[in-house]
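Notes follow once the structure below has been shown.
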There are 4 protein chains.
Amino acid sequence: MKIAVIYGGTRKSGNTEWLTKQVINGVKVKEFHLSNYQIDAIKDHRHSEGGFPLVDDDYQQLIQEIMTYETLIFATPIYWYSMSGMMKNFIDRWSQTLRDPEMKHFKKCMENKQAYVIAVGGDQPTIKGLPMIQQFQYIFDFMGMKFLGYILGEGNKPRDIEKDTKAISAAKEMNKVISQGNEA
Amino acid sequence: MKIAVIYGGTRKSGNTEWLTKQVINGVKVKEFHLSNYQIDAIKDHRHSEGGFPLVDDDYQQLIQEIMTYETLIFATPIYWYSMSGMMKNFIDRWSQTLRDPEMKHFKKCMENKQAYVIAVGGDQPTIKGLPMIQQFQYIFDFMGMKFLGYILGEGNKPRDIEKDTKAISAAKEMNKVISQGNEA
Amino acid sequence: MKIAVIYGGTRKSGNTEWLTKQVINGVKVKEFHLSNYQIDAIKDHRHSEGGFPLVDDDYQQLIQEIMTYETLIFATPIYWYSMSGMMKNFIDRWSQTLRDPEMKHFKKCMENKQAYVIAVGGDQPTIKGLPMIQQFQYIFDFMGMKFLGYILGEGNKPRDIEKDTKAISAAKEMNKVISQGNEA
Amino acid sequence: MKIAVIYGGTRKSGNTEWLTKQVINGVKVKEFHLSNYQIDAIKDHRHSEGGFPLVDDDYQQLIQEIMTYETLIFATPIYWYSMSGMMKNFIDRWSQTLRDPEMKHFKKCMENKQAYVIAVGGDQPTIKGLPMIQQFQYIFDFMGMKFLGYILGEGNKPRDIEKDTKAISAAKEMNKVISQGNEA
């Protein structure tokens with residue numbers, strides 16, 4: 001089971017990354033920081049003659065690499081009660097890939113994947129983060145991906161998350177599941 | 001009551017724009033298409049020494065202009081069960097403005113505003129768009145804005161929305177309310 | 001298309017009933033007021049030897065009559081951000097019917113039905129009533145029923161609903177749809 | 001900190017009760033099984049002359065006893081994506097108590113309480129149970145109660161819950177918090 005972590009935050013070693021590290025502790029994973037890539041917002045050409053034009057950014061290469069992993073961990077800070085705009089742009093672009101004649105295997109490929117979500121926010125994340133979880137469920141349902149679990153942690157200032165014993169305990173539990181058969 | 005429409009879509013004359021036009025028919029409004037502006041994703045420097053550095057894009061000028069309106073209509077296509085990444089980036093940047101020493105009046109200014117949401121999507125928007133509505137409520141609550149109403153329309157292909165009689169009827173109703181005292 | 005209305009309220013001619021009357025105006029329907037029936041809370045015997053014992057109340061007869069209709073309109077006041085306990089008890093009992101050896105046609109029968117929800121509440125129903133709508137969607141999905149639409153109206157004191165022009169407009173729109181081919 | 005558990009299920013030693021026992025292990029609590037009480041559905045007389053008539057059931061005595069506790073744990077099986085009808089009826093009746101001239105201290109008294117929710121269901125509870133959690137949040141917000149946490153466990157057949165390691169781990173974590181200063 002090859003595992004990729006997709007980080008949607010921009011602060012190095014932020015709360016979300018710290019919590020995610022508890023989940024992947026001792027596990028072999030590949031980490032992708034979206035902030036290291038240029039990913040443009042989608043321009044909707046689903047109904048244009050000629051379809052989507054080529055976009056000169058890093059998205060295409062990134063999605064192709066991510067497609068080679070079987071388990072995807074979406075790790076995003078909660079900005080304004082949802083995933084970061086950066087991560088949203090990444091997912092929005094899937095609409096383009098779904099219509100890309102050279103990516104006809106995309107949907108099929110994603111259908112075999114399983115997903116986790118790890119998200120940290122400062123304003124009652126275990127309540128106000130729930131609509132975001134429902135959205136991830138709709139996203140994964142649409143793609144046929146299996147949503148295996150999520151953790152909503154609380155943190156605002158740097159290192160706040162280290163005090164969220166509930167989230168840390170859930171991270172350890174998730175670590176056990178992910179570790180099985182995935183030694184680093 | 002000065003009214004601004006903030007469009008989060010990229011397709012010219014798309015379904016969301018069409019539905020919004022029913023709402024603002026005969027009403028004097030200023031329309032902002034986010035796709036006409038360069039708005040970078042937020043880089044979280046809330047906790048950096050020195051705070052947020054200047055960002056060389058169009059956000060600052062745009063938010064200042066939008067702040068002069070009293071009613072904000074957020075009009076976004078539903079991408080992946082939420083607002084577009086472009087609109088998300090716009091809102092994410094509010095976190096920066098909230099900490100901008102030269103924008104100390106931002107929060108106070110937004111508190112006096114009222115908001116509407118108009119969104120059109122292709123996959124059961126009146127159900128699967130509800131988490132997005134809840135998020136807008138949380139956003140407006142945080143800013144102290146008054147959430148006066150929303151319309152979720154159905155449309156996938158161009159002009160689909162013209163068949164959604166429920167959404168059109170709701171748009172006409174919203175138009176009546178907005179029109180009062182706002183002749184174009 | 002035979003239509004049944006199932007009322008979950010207890011106040012005669014309450015706000016929910018008033019709004020529902022706008023929806024069914026001129027349409028031939030059969031109205032069931034749950035308050036006129038004795039419907040006990042479910043006692044969970046799904047896993048008991050011998051299954052569910054007979055319950056001496058009005059539920060069995062009621063569900064059998066309701067099953068003969070093709071369109072079900074669930075009309076409930078919003079109590080504490082959800083359907084009334086009376087309506088919840090009625091739906092909870094479906095779990096019993098699903099296991100009743102003499103009701104083996106229940107699931108199949110319900111699968112062919114379509115449903116509407118009309119609900120009126122006093123505390124921001126168009127926002128705080130949304131989790132209830134999501135639950136109805138889950139319920140209808142489970143049963144294979146088609147969820148055709150809902151209206152969330154605002155009202156607390158008697159006749160408040162008559163001032164909710166948005167809900168009334170939506171009711172008229174729903175009335176048009178329901179009326180087609182259903183003259184009283 | 002006096003703790004009361006309010007059980008909404010009817011199956012003795014069911015999954016919800018089992019999970020709750022992990023939470024209250026070693027902690028002094030008083031357990032109330034709603035199934036042991038007769039609690040009628042509310043009859044809405046908020047707007048009747050003379051207000052609510054006396055109801056000849058066990059509710060009044062029960063709510064008065066429960067009011068003497070500082071922490072309330074709502075433990076309910078998830079029936080049809082929400083709390084049981086029995087628990088809903090119990091909460092619906094709070095509307096009556098809020099208007100009871102002899103219970104004028106009710107609101108004030110509840111404001112000082114803190115609440116937990118423990119719920120077990122068979123159909124993707126960590127996703128499809130989320131609207132119920134949002135409703136509990138609205139309920140507690142209305143009453144001014146503090147919502148300290150919740151656990152959503154998975155279980156359908158008896159003893160299923162014993163395999164939900166995530167829920168059990170969360171229960172142990174909650175047990176630690178509750179135990180502090182509450183030895184049995």
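Order of the sequence lines fixes the chain letters, A, B, ..., with proteins taken first and strands second; residue numbering starts at 1 for each chain.
Residue with the most contacts toward chain D among C:S84, C:A41, C:S35: C:S84 (heavy-atom pairs, distance under 4.5 Å). Among D:I139, D:D123, D:I133, D:I42, the residue making the largest number of heavy-atom pairs under 4.5 Å with chain C is D:I139.
Counting heavy atoms of neighbouring residues, nucleotides and ligands inside a 6.0 Å radius, atom NZ of C:K107 exceeds 12 of them. Taking a 6.0 Å sphere around NZ of D:K43, one finds it holds 12 or fewer heavy atoms contributed by other residues, nucleotides or ligands. Sparse packing is recorded around CG of D:D56, with 12 or fewer heavy atoms of other residues, nucleotides or ligands lying under 6.0 Å away. Within a 6.0 Å radius of CZ in C:F142, no more than 12 heavy atoms belonging to other residues, nucleotides or ligands are found.
In this structure, the side chain of C:W80 does not engage the main chain of D:K88 through any donor-acceptor pair within 3.5 Å. In terms of modelled atom types and a separation under 3.5 Å, the side chain of C:H47 and the main chain of D:R11 share no donor-acceptor contact. Not a single donor-acceptor pair under 3.5 Å links the side chain of D:Q134 to the backbone N or O of C:P131. Formation of a donor-acceptor pair under 3.5 Å by the C:D44 side chain with backbone atoms of D:T10 is not found in this model.
Under the 4.5 Å side-chain criterion, counting only non-hydrogen atoms from C-beta, C:Y138 is in contact with D:I127. Proximity of D:D141 to C:Y81: side-chain heavy atoms (C-beta onward) are nowhere separated by under 4.5 Å.
Only the backbone of C:M83 comes within less than 4.5 Å of a heavy atom in chain D; its side chain stays farther off. Within the 4.5 angstrom heavy-atom criterion, only side-chain atoms of C:R46, from C-beta onward, approach chain D. Interface remark: D:D40 contributes no atoms to any contact with chain C (heavy atom separation under 4.5 Å). For C:I39, no part sits under 4.5 Å from any heavy atom of chain D, backbone or side chain.
The structure places CZ of D:F136 at 10.0 Å from OG of C:S82, a figure rounded to the nearest 0.5 Å.
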